[in-house]
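Counting starts at 1 for both ligands and their atoms, following the listed order. Since this is a predicted model, take the numbers as computed values, not measurements.
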Amino acid sequence: MKKNKLFASALAAVLLGGFEISVAGAQTGYQPAPENLKAREEFQDAKFGMFIHWGVYSVLGDGEWVFHNRKLTVHEYERLPKFFDPEKFDAKAWVSLAKAAGMKYITITSRHHDGFAMFDSKVSDWNIVQRTAYGKDPMKMLADEAHRQEIKLFFYYSQLDWRNPDYFPRGATERDNGEWHNGRPDHGDWNSYLDDYMDGQLRELLTNYGPIGGIWFDGMWDKPNADWHLDKTYALIHQLQPAALIIPNHHQAPKPGEDVQTFERDLPGQNTAGFNTKDVSTQLPLESCNTLNESWGFNIGDGHYKSPEELERMLVQAAGNNSNLLLNIGPMPNGEIQEDFVMRLHAVGEWLSRYGDSIYGTRGGPLAPADWGVTTQKEGKVYVHVLNWKGKLLALPAVQKTIGNVQSFPDGSAVDFHQTGDGVVLTLPELKKDEVDRVVVLTLAKGK
Ligand code: FHN
């Protein structure tokens with residue numbers, strides 16, 4: 001899509017320009033609190049989350065980068081909130097949909113690059129309560145409902161800001177070869193932007209919404225060489241809610257103070273998108289985010305929906321790469337989630353109701369992902385997810401422990417196998433019609 005090309009080229013410009021991308025001053029000496037370590041484990045167990053991009057940009061049905069892509073001025077963009085009145089927004093329906101899809105957490109844009117707070121902020125009136133006819137705080141409604149339905153809610157927070165004059169000097173997206181001047185003055189107070197505006201809003205998000213899952217940061221890549229005062233911001237978050245996870249989408253190796261490493265439109269380490277790092281943490285939980293169609297924010301012309309089968313495979317691939325999948329939808333400006341998303345999510349939820357045991361609570365399996373598929377593991381079991389193998393016999397590399405028995409999953413029928421020191425040969429169950437993932441579970445003999 002247009003935005004993605006622009007985004008990729010902005011990043012490529014930074015990379016090709018020979019800059020060493022570095023984020024100065026992360027939270028040095030950070031020791032995660034016990035509740036943070038517990039939250040990391042729970043995060044890994046969760047495996048599947050709902051990503052939601054929703055803001056005043058949704059009104060134009062052209063994605064969340066419309067401010068930038070149409071080269072609008074701040075003055076023009078400021079008219080947009082007047083048209084945002086999501087009278088059909090129903091927090092219960094959104095949370096229930098995530099649960100029906102088998103998703104175990106939700107990450108929503110509390111504000112995107114337009115800087116517009118989708119929550120009741122006292123730091124600035126550039127927020128949903130004060131600038132829209134709607135006048136309510138959907139983040140509060142969602143947080144309350146998420147607590148009621150016992151699902152974790154994370155707030156996406158864009159550090160990049162296309163409206164605030166103090167976001168100065170400007171980053172790569174606005175310089176954009178000098179083609180976009182959105183009318184901001186050529187001066188601003190960067191320190192005040194970070195310490196007063198951004199940290200002020202983060203303090204609100206971490207105090208007014210009950211316990212939250214964490215903060216999902218995005219946008220540092222716009223000014224890769226700036227001092228983002230991460231030391232201060234990360235310490236503030238960990239002090240206000242020690243269990244809250246910091247998940248930065250800066251496309252680099254993790255910095256001290258960060259709790260999860262996330263990858264955009266990519267499996268960990270693969271960098272097919274061209275802007276992710278190939279450095280994969282062996283310490284932190286991993287996450288991979290992707291879109292259900294091709295857009296993040298509501299895009300009225302994007303009908304490129306992934307099928308339930310593709311989504312299920314994406315989730316299996318993520319789990320087999322020891323990662324979560326955070327799957328995005330962009331609700332409509334009236335607050336409804338379009339049926340195209342709803343029915344696909346229900347289908348995935350139905351599949352997970354049968355195959356979930358081979359996904360939830362697992363970690364990446366003992367065998368490296370291969371052309372035929374991936375493995376996951378938990379509690380003395382190895383789940384072999386055969387995604388791409390039509391033959392009857394499948395030869396796997398050696399599994400360190402002795403295998404007690406092998407069963408087809410989830411039906412439990414016995415599967416023939418032959419284990420030697422060199423590997424394991426499985427006689428695979430027949431491929432059923434439309435089966436997306438043939439799962440075979442190896443139960444390891446105790447103590448060997
Ligand atoms: O520019 C954003 C984009 O709009 C979207 O929010 C994605 C989600 O991972 N992150 C960006 C770029 O990395």
From the options R265, H113, H68, select the one whose nearest heavy atom is closest to atom 2 (C) of ligand 1.
-> H113
How long is the gap from CG on D437 to CZ on F409, to the nearest 0.5 Å?
-> 9.5 Å
Between the OG1 atom in T376 and the NZ atom in K381, the distance rounded to the nearest 0.5 Å is 12.0 Å
Atoms in ligand 1 flagged as close to [X], the criterion being non-hydrogen separation under 4.0 Å:
X: H251; answer: 13 (O)
X: E64; answer: 3 (C), 4 (O), 5 (C)
X: W65; answer: 1 (O), 2 (C), 3 (C), 4 (O)

Between Y156 and ligand 1, is there a nitrogen or oxygen pair with a distance under 3.5 Å?
-> yes
Answer with side chain, backbone, both or neither: which part of [X] has a heavy atom less than 4.0 angstrom from an atom of ligand 1?
X: C289; result: side chain
X: Y57; result: neither
X: N249; result: side chain

Think K136 forms a cation-pi with F89, using NZ or CZ under 6.0 Å from the six-ring centre and within 45 degrees of its axis?
-> no
Test: R170 and D222 ion pair at under 4.0 Å = no
Does the distance from a Lys or Arg side-chain N to an Asp or Glu carboxylate O, for D199 and R203, drop under 4.0 Å?
-> no
Any side-chain donor paired with an acceptor under 3.5 Å for R131 and N127?
-> no
Quick one: does F263 get a heavy atom under 4.0 Å from ligand 1?
-> no
In V439, T375, L367, the residue satisfying side chain to side chain contact (heavy atoms under 4.5 Å, CB included) with V384 is T375
